[in-house]
Amino acid sequence: MTKVKLDHTHARALLQGMIRIRRFEEKCYELYTQEKIRGFLHLYDGEEAVAVGISAALEPRDRVVSTYREHGHALARGMSMESALAEMYGKATGCAGGRGGSMHLFDAETNLYGGNAIVGGGLPLAVGLGLGDHMRGETCVTVCFFGDGALAEGEFHESMNLAALWKLPVLFVLENNLYAMGTAVARVQANPDFVPRAASYGMPAESVDGNDVVSVEAAARRLVEAIRAGDGPQFLECRTYRTRPHSMFDAEKYRDKAEVAEWRKRSPITRFQSWLLDNNLMHQDEVDAIEAEVEAQLKNAVAACEQAPWEPVEDLTRHVVAETRPAPPDVLPPDTLTDSTYRDCCRAAITEAMLRDDRVFMMGEDIGAYGGCYAVSMGLLKEFGPDRIRDTPLSESAFTGAGIGAALVGMRPIVEIMTVNFAMLALDQILNTAATIRHMSAGQFGVPLVIRMATGAGRQLAAQHSHSLEAFFAHIPGLRVVAPATLEDARGMLATALEDPDPVIILEHVMLYNMTGKIAANAGAVDIDRAVIRRSGRDVTLLAWSYSLWKALEAAEELAKDGIEAEVIDLRSLRPLDEATIAASVTRTRRAVVVDEGWRTGSLSAEIAARVQEACFWHLDAPVARVCAAEVPVPYPKHLETAALPQVSDIIAAVKALPGVAS
C-alpha cells in the first residue's frame, strides 16, 4: 500500500512509537549521568519521525543497517526496551550480549544488522545485503540510515554507484540533522543540496520534512514500493535536527542555544500530537495512557537491567570465530599426475567451486572481460556469465563491503582485490565489519566470505605494488589468513575456505602464478588449519610460507651439501598459526630461522619468533633468527629489488651464524 492509512489505530501507533523512543533516550541520558551507561552515547532526540516513519513502511522480512545513533531505529523495528537498554549497560541479556554497547545494537530477529561507529561504514554492507537478496531472487528491501557527514566519505560515492549500477533493492535514508558531530553542513559542503548528488548516479532521489512523521512514511512507502517493483535503489533525504549534543562528551560550543530552542518547537512529537488533538483524532487521556504505558515499560526495563547478569570473564573469547567449524576435508589418494601451473590451479579451484555451489560468485576489478590482472579468471565470464563473475568499479571498499553483506544473507562470495596494496582501501570493511560483526552481535551474524589478493615483490613493480602485508591481516582477530605456496594448496584451499563460517583471506604471491609442476587430476580440498613439513631435518627448522617456502627449500638443499640438515615447514595458515607443529619441530632441531618477505619491524616473523621462544625456550640451543626484507620501500631496479628481499644466500648465512651449527 503506497498511501498512509491514517486511521486511529495507525495514528496512535505512530505517536506511541515516537514517544517510546523519546522517553527511552531521556532515560538513557539520566542513566549515563549515573554511570550506568558508559562510552559514547549518541541520543536520537528530535529525529524520532524518521525512524518511526520509515519503519512503518517496512515489512518484517526487510533489513536495516544503521549508524551509531541507532537506538531509535532499533526500537522502531520492534526491539524491546529491555534488550536495547541491557546492551547499553553491557549486560549479558542485551541484544548483542553486551558486547556491542550503545553504538552496536544487533538483532537477527528484527533483521537489524547493527549500528556502525564508522561514518559511512554501513553503506557498503547495505549494498551487499541488497546484492545477496537480488541474486537469490528475494523481494526484501534493505534500508540504510546514515547522517550528512557520510556524504563526504568515499564509501558513500562508491556505494551509491554500485547500488545504482546493479539496480539493487536498497533505500538510502539520509538523516540530515545539519551537523556532522560539531561541523555544520554549511561549513564543509560546497553544495549542501544532497538530492542532486544522489540523482547524479541515475538514482531516484527526493527530500522530505524529516520532522513530519506522516510525510516520512508516505515517501518511504512510495519508494519501497518502487524498489519491490524492480526499479532499483532509491534515495530519501529526511531534513531533521538533533536536539541533544552529538554525544554525551559534547559541550555544544558550535551552535547557538537559540537555534536549538527553535528546533525544539518543531519537535516531531509535539507537532504530530498537537495535530491529532486539534483535529479530534485523539484525546488527551489517550496520550496520557501512552505515556503511562511507556513509563511502565521503561521502569520494568531498568529494573531488569539492574538485576541482569554480566557475561562471565571466562567467555571473553567467545564469538570471535564460529564455535563449530566443518571437519577438515578428506584427502583422496592421488590419481594420475597432470602438468599444471599455480595460475591454472587457482582458476580450477574457482571453477569447481562455482559448479559445486550456486551460491558462489566472484567480484572484483577487471576479473571478467579482462580476465583478471594475473589472468586467473580468464574465460570464467564466458562460462558463468556476468551475474556470477561480476566486474566492479574501482571501489575496493564498496565491493568488499558488498561481499560481506551478501555473505550475511546466505551467498558465498569470492572477493578479488587486485593487489594487497589496494586492500588498504578496503581495510575499514575488513577490520571493522568482516572481522568484528560476529563478536559485536554475540554470534548472531557470521561472514562466510573469501577475499583473494595478489601479494609480494619480485616483478619490478616498485614500492606501491610490491608489499607483503600478511602481518596486517594476521594481526586481526576474527579473520583466517592463508598463503598457498604449492599447486595442491592453490587448488584446494579455496574449497575449504568457502566452507568456513568466518572470513578467510587467501594471499597469492605474484611470483608463484607462473610456477609449473605436476598435480593429481583428482586433487581437491585441503586442510587450511595445519602447517606441513615439506622437508625433514635434524639441525634447524626453517619456517616459511608462500614464495619464501621455495627459497627455504633451496637453501636447505644447499645446506645439506655441508652436512647441515634443515627441516622446512610451510606454515600455510598465518592466522591461526599451527603452533603445535612449529613447537614439535623446533623441540627436535633446537634451532629456528623464520623467513619473511615483510619488513623486519612489526613483522609476522617477530610474532612467530616470540611464540617459538615462549613455547620452546628450554629446548633452544640458539636465539631464533629472522631473514626479512630490508627496511626500505621496495625499489624498482632489479638489482636493488633483489637486494631488498630475502634470498637463498641470506637464509644459508643466517643458519650458519647460529651457535652450534656445523659449518
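Residue numbers start at 1 and run along the sequence shown. Hydrogens, waters and symmetry mates play no part in the numbers below; they use all other heavy atoms, side chains included. The structure presented is a predicted model; accordingly, all values stated were derived computationally and were not measured.
Remark: D489 engages R534 in a salt bridge, criterion side-chain N to carboxylate O under 4.0 Å. The pair E499-R412 does not meet the salt-bridge criterion, since no charged nitrogen lies less than 4.0 angstrom from a carboxylate oxygen. A salt bridge links E558 to K561: at least one charged side-chain nitrogen sits closer than 4.0 Å to a carboxylate oxygen. The pair D500-R480 counts as a salt bridge, with a side-chain nitrogen and a carboxylate oxygen less than 4.0 angstrom apart. A salt bridge between R99 and E311 is present, with a side-chain N of the basic residue lying under 4.0 Å from a carboxylate O of the acidic one. In summary, D539 and R590 do not engage in a salt bridge, as defined by a charged side-chain N under 4.0 Å from a carboxylate O.
Checked by atom type and distance alone, the side chain of E565 never pairs as donor or acceptor with a backbone atom of R538 at under 3.5 Å. Counting only distance, with no hydrogens or angles, the side chain of D502 and the backbone of A322 share a donor-acceptor pair below 3.5 Å. Put simply, the side chain of D578 gets close to the backbone of A531: a donor and an acceptor are under 3.5 Å apart. A donor-acceptor pair under 3.5 Å is absent between the side-chain atoms of S548 and the main chain of A544, judged by distance alone. A donor-acceptor pair under 3.5 Å is formed between the side chain of S603 and the backbone N or O of A606. The backbone N or O of E508 sits nowhere less than 3.5 Å from a side-chain atom of T455 that would complete a donor-acceptor pair. No donor-acceptor pair closer than 3.5 Å links the side chain of S441 to the backbone N or O of A96. Using a distance-only test at 3.5 Å, with no hydrogens or angles considered, a donor-acceptor pair links the side chain of R459 to the main chain of V510. Between the side chain of R438 and the backbone N or O of G478 there is no donor-acceptor pair closer than 3.5 Å. At distances below 3.5 Å, not a single donor-acceptor pair connects side-chain atoms of N161 with backbone N or O atoms of E158.
Within 6.0 Å of CD on E383 lie more than 12 heavy atoms contributed by other residues, nucleotides or ligands. Enclosure of atom NZ in K382 is not indicated, since only 12 or fewer non-hydrogen atoms of other residues, nucleotides or ligands lie within 6.0 angstrom. Environment of CG in D330: sparse, with no more than 12 heavy atoms of neighbouring residues, nucleotides or ligands closer than 6.0 Å. The number of heavy-atom neighbours closer than 6.0 Å to CZ of F472, taken from other residues, nucleotides and ligands shown, is 12 or below.
Both cation-pi conditions hold for R390 and W166: the charged atom is under 6.0 angstrom from the six-membered ring centre and inside a 45 degree cone around its axis.
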*How far apart are the C-alpha atoms of R325 and D529, what are their side-chain angles, what is the distance that settles it, and do they pass the salt bridge (Lys or Arg N to Asp or Glu O under 4.0 Å) test?*
CA-CA 11 Å; R325 299 179 62 234; D529 290 344; 2.7 Å; yes
_Pair F106-Y113, ring-ring contact (aromatic ring centres under 6.0 Å, His included): steps then yes or no_ = CA-CA 6 Å; F106 289 84; Y113 287 80; 8.3 Å; no
_Please determine whether side-chain contact (heavy atoms from CB on, under 4.5 Å) holds for the pair L571 and I582, giving the CA-CA distance in whole Å, both sets of side-chain angles, and the decisive distance to 0.1 Å._
CA-CA 8 Å; L571 292 181; I582 295 170; 3.6 Å; yes
*Tell me, with the steps shown, if E641 and K638 meet salt bridge (Lys or Arg N to Asp or Glu O under 4.0 Å).*
CA-CA 5 Å; E641 181 183 47; K638 185 61 180 174; 3.6 Å; yes
*Give the C-alpha distance, both sets of side-chain angles, the deciding distance and a yes or no for ring-ring contact (aromatic ring centres under 6.0 Å, His included) between H465 and F422.*
CA-CA 9 Å; H465 274 347; F422 296 166; 5.3 Å; yes
*Yes or no on side-chain hydrogen bond (donor to acceptor under 3.5 Å, both in side chains) for S468 and E597, after CA distance, side-chain angles and deciding distance?*
CA-CA 6 Å; S468 293; E597 197 175 291; 3.1 Å; yes
_Would W599 and H467 count as a ring-ring contact (aromatic ring centres under 6.0 Å, His included) here? Give the steps._
CA-CA 9 Å; W599 294 302; H467 290 118; 5.6 Å; yes
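Between I451 and the choices I506, I414, I430, the side chain to side chain contact (heavy atoms under 4.5 Å, CB included) rule is met once, by I430. For the ring pair (Phe, Tyr, Trp, His ring centres under 6.0 Å) test with H509, the passing option among Y374, Y547, Y342 is Y547; the others fail. Of the residues R591, R535, R588, the one that meets the salt bridge (Lys or Arg N to Asp or Glu O under 4.0 Å) test with E567 is R588.
Taking CE from M362 and OG1 from T392, the interatomic distance works out to 10.5 Å, rounded to the nearest 0.5 Å. To the nearest 0.5 Å, atom CH2 of residue W545 and atom OG of residue S573 are 12.0 Å apart. Atom CZ of R572 and atom CG of D527 lie 6.0 Å apart (nearest 0.5 Å). In this structure, L479 CG and F473 CZ are separated by 8.0 Å, a value rounded to the nearest 0.5 Å. For the atom pair CG of L337 and NZ of K518, the computed distance is 7.0 Å after rounding to the nearest 0.5 Å. In this structure, CE in M378 is found 12.5 Å from CD1 in I367, a value given to the nearest 0.5 Å.
Contact check for R491 versus E352: side-chain heavy atoms found under the 4.5 Å cut-off. At a threshold of 4.5 Å between non-hydrogen side-chain atoms, the residues T341 and N514 do not count as touching. At a threshold of 4.5 Å between non-hydrogen side-chain atoms, the residues W550 and L512 count as touching. Residues V482 and L574 fail the side-chain proximity criterion, which asks for heavy atoms closer than 4.5 Å. Using a 4.5 Å heavy-atom cutoff, the side chains of T338 and I519 are in contact. At a threshold of 4.5 Å between non-hydrogen side-chain atoms, the residues E416 and M453 do not count as touching. Considering only heavy atoms from C-beta on, D596 stays 4.5 Å or farther from R626 through its side chain.
Side-chain contact annotation: E155 with Q429, donor-acceptor N/O pair under 3.5 Å present. A donor and an acceptor atom, one from each side chain of T589 and T541, are located under 3.5 Å apart. Donor-acceptor pairing under 3.5 Å is recorded for the side chains of T601 and E631.
Here the closest non-hydrogen pair linking T324 and P501 is O-CG, 3.9 Å. Taking both residues in full, the closest heavy atoms of N522 and L332 are given as ND2-CB, 3.8 Å, listed atom of the first, atom of the second, then distance. Taking every heavy atom of both residues into account, L487 and S340 meet most closely at CD1-O, 4.1 Å.
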In residues 119-131, what donor-acceptor pairs under 3.5 Å come from side-chain atoms, sequence neighbours left out?
none

